[in-house]
Peer 1: 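Below is one structure. I have some questions about it.
Every number for a ligand or one of its atoms is a count from 1 in the order of the listing. We use all heavy atoms of the structure for the numbers below, so side chains are in, but hydrogens, waters and symmetry mates are not.
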Amino acid sequence: MKYESQKVALYYIAGALALFVAQVLFGLIIGTIVVIPNTLSELLPFNIARMIHTNALIVWLLMGFFGAAYYLIPEEAETELYSPKLAIVQFWLFLIGAAAAVIGYLFHIHEGREFLEQPLWIKLAIVVVALMFLFNISMTVLKGRKTAITNVLLLGLWGIAIFFLFSLYNPSNLILDKMFWWWVVHLWVEGVWELVMASILAFLMIKLTGVDREVVEKWLYVIIGLALFSGILGTGHHYYWIGTPGYWQWIGSVFSTLEVAPFFAMVVFTFMMVWKGGRNHPNKAALLWSLGCSVFAFFGAGVWGFLHTLAPVNYITHGTQVTAAHGHLAFYGAYVMVNLAMFTYAMPNLLKREPYNQMLNMWGFWITSSGVTFMTFALTFAGVVQSHLQRVMGMGFMEVQEQLGLFYWMRLGAGVVTFVGVVLIVWSLAVPGSVKQAGRVAAQPAE
Ligand code: HEM
Ligand code: HEM
Ligand SMILES: [Fe+2]
């Protein structure tokens, strides 16, 4: 850590990790309700707990991005943060807003659009938080060094805020409603979030592998070019059955298939950098997360996305457990893992932990990743059976659900494993290691 103001990242990382545990805990709750339907039925109905599960995910991922930016930008821009105080105020405002939203949900105060259920005033508060953040980091970059990484990161973060504005409009026409909804949800994860992901990975590659900045920058531009070229028209894969013209089936199928390319490029990029890089960085766990991120994102978003993205396939699988399988692996691989890569790199530096508990962190990596992988397979099988019985055989929805019980139990089992892994990860980042035990090493190379 070179700049004092990078420390504000600690608030964000701590907040993100706490919400991560809560998110997975609520996953376990809804996973249990699915197999034992009367669980908590009065106190915490499925739809409310599901909302907390998905909203907590989005909020902690964004909080992680904020933290990553506050850590990375001073180091890249080679200057202190414009206003560390503003960053701390922004953190508490965001946290209080999120808590207010959850309390509201418990009292059934929410809107009906998945992921965007926050009442209007919470959405407006989110916009204020985003503006405080963008002002702070943009001013920092403006007064400091501008690199490809800061440029792409800023573009991604500004994009996140701008596309969020679509959520403020809730037209009564259902087709338009769906379009505006996807302009947030899809243009986020298959557009601007990819820019954030690629720039964080680029930063980590420079630090961890020691490859020249020029090489990393070229890759970064290729990746974001591919992402934007494919991802914007790729939104068409959500227009198939919502009442838009039929040509979207072609545009959506073709361009969303191309969306696999940036994810594939990120795999090649990270592995090439490690292969070419001469540096033997002691923070092996951060490198493991970086490589794992590109690989899992390729499978979750690229492979599991492609599985159901062609219009004739999507006609059968739309809205089944195939979608849920993809949603879990893609979010985990791309955005959970990129955050954990950054936290694993930054935390030992922020806390001046030398040595830190690296082995435990890597156990957390493998256990969590195995849990999510198993969960993905269980849901994929459930989705294939569901698609066949419901869409081909024409059986009723609830009748089919009764046939899927075994898969839902398997999901719950995998969820417990996932939860254990998450606790290990948080533990390894929060609790200091001791010098004596094996596997606890320095976080930074000796100068
Ligand atoms: C890092 C881990 C996790 C991530 C990134 C994640 C992400 C998500 C996302 C994005 C959705 C919405 C999916 C969609 O609408 O297609 C969702 C729903 C859900 N998640 Fe998770 N989740 C995680 C862990 C868990 C765990 C551990 C469980 C426990 C078994 C779980 C159970 C569920 C359930 C039951 C739903 C509702 C699915 C439905 O409505 O059919 N999740 N999760
Ligand atoms: C990291 C990037 C990605 C994330 C986080 C992600 C996440 C999700 C989630 C959560 C949904 C469910 C939305 C809902 O209906 O509630 C979804 C739907 C979908 N995703 Fe992705 N996705 C990503 C990338 C991709 C890519 C690259 C493709 C195509 C190659 C793809 C294809 C699809 C399709 C076709 C659907 C609609 C499924 C249906 O009709 O039910 N996704 N995605
Ligand atoms: Fe999409």
Peer 1: Would you kindly say whether Ser428 and Trp363 are connected by a side-chain donor-acceptor distance under 3.5 Å?
Peer 2: no
Peer 1: How is the N/O/S atom of His186 that comes nearest to the Fe ion (ligand 3) named?
Peer 2: ND1
Peer 1: Distance under 4.0 Å to a non-hydrogen atom of Asn314: what atoms of ligand 2 satisfy this?
Peer 2: 35 (C), 38 (C), 39 (C), 40 (O)
Peer 1: Using a strict threshold of under 4.0 Å (side-chain N to carboxylate O), is an ion pair present between Arg213 and Glu76?
Peer 2: yes
Peer 1: How close does the nearest protein non-hydrogen atom get to atom 40 (O) of ligand 2, and which residue and atom is it?
Peer 2: His318 ND1, 2.5 Å
Peer 1: Can you tell me if, anywhere in Glu259, an N/O/S atom lies at a distance from the Fe ion (ligand 3) that is smaller than 2.8 Å?
Peer 2: no
Peer 1: Checking His308 against His237: is there a side-chain donor and acceptor pair closer than 3.5 Å?
Peer 2: no
Peer 1: For Tyr332 and Ser369, does a side-chain donor sit closer than 3.5 Å to a side-chain acceptor?
Peer 2: yes
Peer 1: Do Thr380 and Trp304 meet the criterion of a side-chain donor-acceptor pair at a distance under 3.5 Å?
Peer 2: yes
Peer 1: Which atoms of ligand 1 have any heavy atom of Val24 under 4.0 Å away?
Peer 2: 27 (C)
Peer 1: Does any donor atom in the side chain of Trp241 or Asn314 lie under 3.5 Å from an acceptor atom in the other side chain?
Peer 2: yes
Peer 1: Say whether Thr368 and Thr418, considering side chains only, have a donor N or O and an acceptor N or O under 3.5 Å apart.
Peer 2: no
Peer 1: Can you tell me if Gln321 contacts ligand 1 (heavy atom of the residue under 4.0 Å from the ligand)?
Peer 2: yes
Peer 1: Work out whether the distance between some heavy atom of Tyr335 and some atom of ligand 2 is less than 4.0 Å.
Peer 2: yes
Peer 1: Examine ligand 2 and decide if any of its atoms is less than 4.0 Å from a heavy atom belonging to Gly319.
Peer 2: yes
Peer 1: So, the side chain of Gln401 versus the backbone of Met398: is there a donor-acceptor pair under 3.5 Å, distance only?
Peer 2: no
Peer 1: Do me a favour and list the nearest non-hydrogen protein atom to atom 30 (C) of ligand 2 with residue, atom name and distance?
Peer 2: Ser256 O, 3.2 Å
Peer 1: To check your reading of the model: name the closest protein heavy atom to atom 15 (O) of ligand 2, its residue, and the distance in Å.
Peer 2: Trp182 CH2, 3.8 Å
Peer 1: Closest to the Fe ion (ligand 3), which N/O/S atom of Glu190 is it?
Peer 2: OE2
Peer 1: Looking just at side-chain N and O atoms, do Gln249 and Tyr315 make a donor-acceptor pair shorter than 3.5 Å?
Peer 2: no
Peer 1: Just which atoms of ligand 1 are under 4.0 Å from any heavy atom in Leu57?
Peer 2: 5 (C), 7 (C), 10 (C)
Peer 1: What protein heavy atom sits nearest atom 12 (C) of ligand 2, and how far off is it?
Peer 2: Thr323 CG2, 3.6 Å
Peer 1: Using a plain distance cutoff, I'd like to know if Arg50 has any nitrogen or oxygen under 3.5 Å from a nitrogen or oxygen of ligand 1.
Peer 2: yes
Peer 1: In His53, what N, O or S atom is nearest to atom 21 (Fe) of ligand 1, if we give its atom name?
Peer 2: NE2
Peer 1: In ligand 1, which numbered atoms sit nearer than 4.0 Å to a non-hydrogen atom of Phe331?
Peer 2: 5 (C), 10 (C)
Peer 1: Counting heavy atoms only, which of His237, His238, Glu190 is nearest atom 37 (C) of ligand 2?
Peer 2: His238
Peer 1: Any chance the side chains of His328 and Thr376 put a donor and an acceptor closer than 3.5 Å?
Peer 2: no
Peer 1: So if I count the atoms of ligand 1 from 1 in the order they appear, which ones are less than 4.0 Å from some heavy atom of Gly415?
Peer 2: 27 (C)
Peer 1: Numbering the atoms of ligand 2 from 1, which are under 4.0 Å from a heavy atom of Ala334?
Peer 2: 1 (C)
Peer 1: Does ligand 2 come near enough to His326 that some N or O of the ligand is less than 3.5 Å from an N or O of the residue?
Peer 2: yes
Peer 1: Select the closest option to atom 3 (C) of ligand 1 among Met375, Gln401, Arg411, Gln23, judged by heavy-atom distance.
Peer 2: Gln23
Peer 1: If you take the nearest heavy atom of each of Leu25, Thr54, Ile30, Ile33, which one is closest to atom 36 (C) of ligand 1?
Peer 2: Ile30
Peer 1: How close does the nearest protein non-hydrogen atom get to atom 32 (C) of ligand 1, and which residue and atom is it?
Peer 2: Gly27 O, 3.6 Å
Peer 1: Is there a donor in the side chain of Asn361 and an acceptor in the side chain of Thr344, or the other way round, less than 3.5 Å apart?
Peer 2: yes
Peer 1: Out of Val192, Leu195, Asn151, which one pairs with Ile224 under the side-chain contact (heavy atoms from CB on, under 4.5 Å) rule?
Peer 2: Leu195
Peer 1: Can you name the atoms of ligand 1, numbered from 1 with element, that are less than 4.0 Å from a heavy atom of Leu28?
Peer 2: 29 (C)
Peer 1: For atom 27 (C) of ligand 2, which of His186, Arg113, Glu259 has the closest heavy atom?
Peer 2: Glu259
Peer 1: Would you tell me which option among Gly327, Ala56, Ala324 has the nearest heavy-atom contact to atom 16 (O) of ligand 1?
Peer 2: Ala324
Peer 1: Report the residue from Leu134, Val196, Val141 that forms a side-chain contact (heavy atoms from CB on, under 4.5 Å) with Leu154.
Peer 2: Val141
Peer 1: Report yes or no: do Glu194 and Tyr335 form a side-chain donor-acceptor pair below 3.5 Å?
Peer 2: no
Peer 1: Tell me whether ligand 2 is touched by Phe263 - counting only heavy atoms on the residue side and a distance under 4.0 Å.
Peer 2: yes
Peer 1: As a check for students: among Met410, His328, Glu114, identify the option with a heavy atom nearest to atom 23 (C) of ligand 1.
Peer 2: His328
Peer 1: Among protein heavy atoms, which sits nearest to atom 34 (C) of ligand 2, and what does the distance come to when rounded to 0.1 Å?
Peer 2: His308 NE2, 3.6 Å
Peer 1: I'd like to know if the side chain of Glu111 pairs up with that of Gln118 as donor and acceptor (distance under 3.5 Å, no hydrogens or angles considered).
Peer 2: no
Peer 1: How are the rings of Phe365 and Phe296 set relative to one another: parallel (under 30°), tilted (30 to 60°) or perpendicular (over 60°)?
Peer 2: perpendicular
Peer 1: Within the 3.5 Å criterion, strictly below it, is a donor on Asn55 or Tyr105 matched to an acceptor on the partner's side chain?
Peer 2: yes
